[in-house]
Structures are given as C-alpha cells and as structure tokens.
Amino acid sequence: MSRGRWSQVRRSGIYLLGSLVSGIVTVLALPLLCAPRFALLWADRHRDRAGRLLGTPPASRTDPTTRRALLWLPVNAVTGMALGLLALLCVGNVVVATIATPLWWAFTFEERPRLFIDIAVTGWTTALTLGPLQIVLLAALTFLGFPPIARAHARICLVVLSHSTAGELAERVAVLTRTRADVLDAHGAELRRIERDLHDGTQARLVSIAMRLAVARQVLSDDPRDEQFLGELLRDAHEGTEEAMTELRDVIRSVYPPILADRGLDGALTAVTTRCGVPTRLDIGDLGRVPAAVEAVVYFAVAESLTNAARHSGATTAGARVSRTADRLSVVVTDNGIGGADQRRGTGLAGIRRRVLALDGTITIDSPPGGPTTITMELPCGL
C-alpha cells in the first residue's frame with residue numbers, strides 16, 4: 001500500500017471527523033449562524049475545506065450568496081454528522097479492539113466488552129481470532145471508504161455553495177456592467193488626451209510653420225531680386241503645410257470632436273442641428289453624466305444621420321431626440337424624406353452601426369420607400 005494512499009486516507013479521516021464536529025456546532029449554534037454575515041463566513045470556511053480536499057483552485061470558485069449559505073446549514077448538519085459518525089465508529093472500534101484484546105482478562109466476565117460484531121469473548125481463542133479480524137475489517141473499510149466518502153461530502157458542499165450556470169452568468173454580466181463604466185471613462189480620457197496633444201502640440205507647430213512660410217513668401221514677393229525657384233519652393237511648402245493642417249483637423253474631429261470638450265453633448269448637438277441644411281428640431285432630456293466615448297458616438301451618429309437626410313432624402317424637416325432611462329441612452333433621428341436608406345449604398349449608416357455596436361449598443365433603421373426614415377440607437381452608459 002502506497003504512502004500516498006495512506007496520506008489520502010488520513011486527510012479524508014480528518015476531514016470527516018471535522019465535518020462531524022462542524023455538524024454538531026451547526027446544530028448547537030443554528031440561531032447565531034442564521035445571521036447572514038455569520039452564515040457567509042461559515043459557508044466560506046466549509047467551501048475552502050472542501051476545495052482543499054478536492055484540489056479545486058480558489059480562482060474557480062465564486063462566493064456563495066446568502067441564500068445558498070443558509071441552505072448549507074441544514075445540509076451540513078445532516079451530512080456532516082451522518083458521515084462523520086461513520087468515520088468515528090470505524091476509527092473508534094479499531095482503537096478499542098486494538099487496546100481491548102491484550103487487556104481482555106483485566107475485566108470480569110460480566111464486564112468484558114463485546115467486539116464490533118457483538119460476540120461475547122469467553123476465551124483467548126475467540127479474542128485472538130475475532131479481535132484482529134475486527135481490526136482488519138474496519139481498517140479495510142477505512143482504507144477503501146474514507147476517501148470517496150470525504151470527496152462525496154466535499155462535492156455536496158461545493159454544489160450547494162456554488163452558483164448555478166445561470167447564476168454565474170448573471171454575476172458575470174453584473175461584473176461587466178460595473179466595470180464598463182471604468183473602461184468607458186478610460187477610453188474617453190484617452191480620446192481627450194489624443195485630441196489635446198494633436199491640437200496643442202502637432203497642430204500648433206504646423207500653424208507656426210505655416211505663418212513663418214507665409215511671411216517668407218510675402219518678403220520674397222516684395223523683393224524682385226529673389227529667385228523664382230526659391231519662391232516656388234516656399235509656396236509648395238506653405239501649401240503642403242496647410243493641407244497637412246486640414247488633414248490633421250479632420251483626424252482630430254474623427255477622434256474626439258473638440259466641440260464636445262468645449263460645449264458638451266447638448267451644445268455640440270445644438271450646433272449640429274443648427275448647421276443642418278434641413279430644419280431640425282432637437283429634443284434633449286436630462287442625460288446626467290455620460291461617458292466621453294458614448295458622447296462621441298452620439299455626436300457622430302446624429303451628425304451623419306442629419307447629413308444623409310440633407311443630402312439624399314429630400315426631406316423638408318428632421319428631428320433628433322436624445323433621452324436617458326437608467327443606464328441606457330436612447331437616440332432617435334427622423335426625417336420626412338423619401339426613405340429607402342440602405343447602409344450598403346455608402347450613406348454612412350454602416351459607419352454609424354460600427355460605432356454603436358463597438359460600445360455594445362443597438363441600432364434599428366426603419367426607412368421604407370416613400371419615407372419617413374427613423375434611426376433608433378440605444379447605448380449603455382456603463383453606470
């Protein structure tokens with residue numbers, strides 16, 4: 001018999017005897033353990049014991065709910081005492097038989113204890129035969145039975161104290177919901193940092209270069225002795241710098257519109273609807289705090305939708321409504337144009353959809369031939 005097997009038997013025996021003590025304590029201290037705080041602590045202790053016995057990594061277990069912790073109290077009382085008593089009887093009878101056999105004749109006949117199989121010992125032949133037989137049988141039962149019995153109790157413990165699949169999924173969704181706010185805030189802060197660095201750094205240097213080139217061109221154009229080819233070089237550099245600044249402004253607006261940082265979502269949408277080529281009514285409710293990433297998506301979506309309405313739909317009126325319910329931001333853009341909006345025709349709707357879906361939002365486009373067109377978006381605020 002391997003040393004590892006006996007070590008496993010020893011650990012299982014200690015676990016079962018500990019479960020017996022735990023079951024008795026559960027019964028005696030039941031009123032105290034019914035308090036949610038103590039029930040959770042008691043459940044955590046048993047879950048850790050069961051995990052160590054089964055070798056379950058701590059990271060794979062989730063904290064029990066109060067309901068499951070309370071459910072574990074009667075289960076622990078019944079299973080712990082029943083299986084623990086079985087272990088105690090096996091160990092106790094082995095010890096008693098081992099000690100009693102050599103001392104059998106220290107007692108009078110009436111006082112002599114009976115063996116586990118309840119046969120009275122009347123002589124040395126019976127004592128020396130049935131005593132060791134009892135020890136062997138109980139030792140075999142201990143060796144073969146303790147590990148599976150202990151593992152069975154540990155599995156019962158983890159099943160009762162672990163979440164169901166649906167519970168784990170619900171907890172995972174709750175965790176993702178709580179952490180999404182931090183992710184969106186970090187993303188928004190990064191967008192603002194990039195916009196600020198480009199605006200205050202790269203763009204500022206390009207503006208300075210363009211101004212110096214413009215002054216140089218002016219000086220050269222006033223001096224007839226300047227060479228023509230030098231003037232052409234400066235002119236090309238000046239024009240290239242202005243083109244670079246134009247492209248840079250487009251990049252800045254695509255990363256995080258500066259108007260959002262300056263005027264907020266309300267002011268930015270007001271500016272968009274005011275500049276729209278179609279008379280547009282804007283309705284904004286109380287939005288509270290909205291992550292910067294969500295603000296950027298809403299701004300781009302409304303701007304692109306109204307641009308499409310002005311360019312392609314032939315609409316005479318349009319509307320944009322932004323409202324918030326709990327942690328969901330709702331955006332509805334409508335126009336009374338000819339309808340038939342299709343994201344496959346390159347009208348910018350595909351880009352809107354990508355931006356919305358990137359933040360785990362939803363978008364619905366209702367644009368039957370003849371109109372009207374309604375684009376409905378919902379975005380999580382991550383709060």
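Note: hydrogens, waters and symmetry copies are ignored here, and every other heavy atom, side chains too, is used.
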Discussion item. Distance check, rounded to the nearest 0.5 Å: L357 atom CG versus T362 atom OG1?
Written reply: 8.5 Å
Discussion item. Tell me every residue that passes ring-ring contact (aromatic ring centres under 6.0 Å, His included) with F146, counting only those two or more places apart in sequence or in another chain.
Written reply: none
Worksheet item: Looking only at atom types and distance, does a side-chain atom of R263 sit under 3.5 Å from a main-chain N or O of A271, one as donor and one as acceptor?
Response: no
Worksheet item: Restricting to pairs with a member in residues 371-381, which pass side-chain hydrogen bond (donor to acceptor under 3.5 Å, both in side chains), not counting sequence neighbours?
Response: S367-T373
Worksheet item: Would I284 end up clustered with V331 when hydrophobic side chains under 4.5 Å apart are linked, directly or stepwise?
Response: yes
Fill in: Working for side-chain contact (heavy atoms from CB on, under 4.5 Å), residues L269 and V298
CA-CA 9 Å; L269 292 182; V298 172; 4.3 Å; yes
Worksheet entry | For R281, side chain to side chain contact (heavy atoms under 4.5 Å, CB included) partners two or more places apart | none
Worksheet item: Residues two or more places apart in sequence or in another chain: which of them pass side-chain hydrogen bond (donor to acceptor under 3.5 Å, both in side chains) with R49?
Response: none
Worksheet item: Who are the side chain to side chain contact (heavy atoms under 4.5 Å, CB included) partners of A82, not counting sequence neighbours?
Response: none
Show every donor-acceptor pair shorter than 3.5 Å between a side-chain atom in residues 148-160 and any protein atom, with sequence neighbours excluded, or say none if there are none.
unit_1	atom_1	unit_2	atom_2	d
H153	ND1	Y15	OH	2.8
H153	NE2	T79	OG1	3.3

Worksheet entry | side-chain hydrogen bond (donor to acceptor under 3.5 Å, both in side chains) involving T270 - partner list, sequence neighbours excluded | none
Worksheet entry | Audit row: L349, I375, side-chain contact (heavy atoms from CB on, under 4.5 Å) steps and yes/no | CA-CA 9 Å; L349 294 178; I375 303 175; 3.7 Å; yes
Fill in: Sequence-distant partners of R321, side chain to side chain contact (heavy atoms under 4.5 Å, CB included), two or more places apart
D283, V332
Response to the item:
Here the ring pair (Phe, Tyr, Trp, His ring centres under 6.0 Å) pairs for residues 260-289, sequence neighbours left out, are none
Worksheet entry | Where at least one partner belongs to residues 27-38, residue pairs that pass side-chain hydrogen bond (donor to acceptor under 3.5 Å, both in side chains), sequence neighbours excluded | none
Discussion item. Between T317 and D335, is there a side-chain donor-acceptor contact under 3.5 Å, judged purely by atom types and distance?
Written reply: no
Worksheet entry | Partners passing side chain to side chain contact (heavy atoms under 4.5 Å, CB included) against T26 (at least two apart in sequence or in another chain) | S22, L33, W42, L73, N76, A77
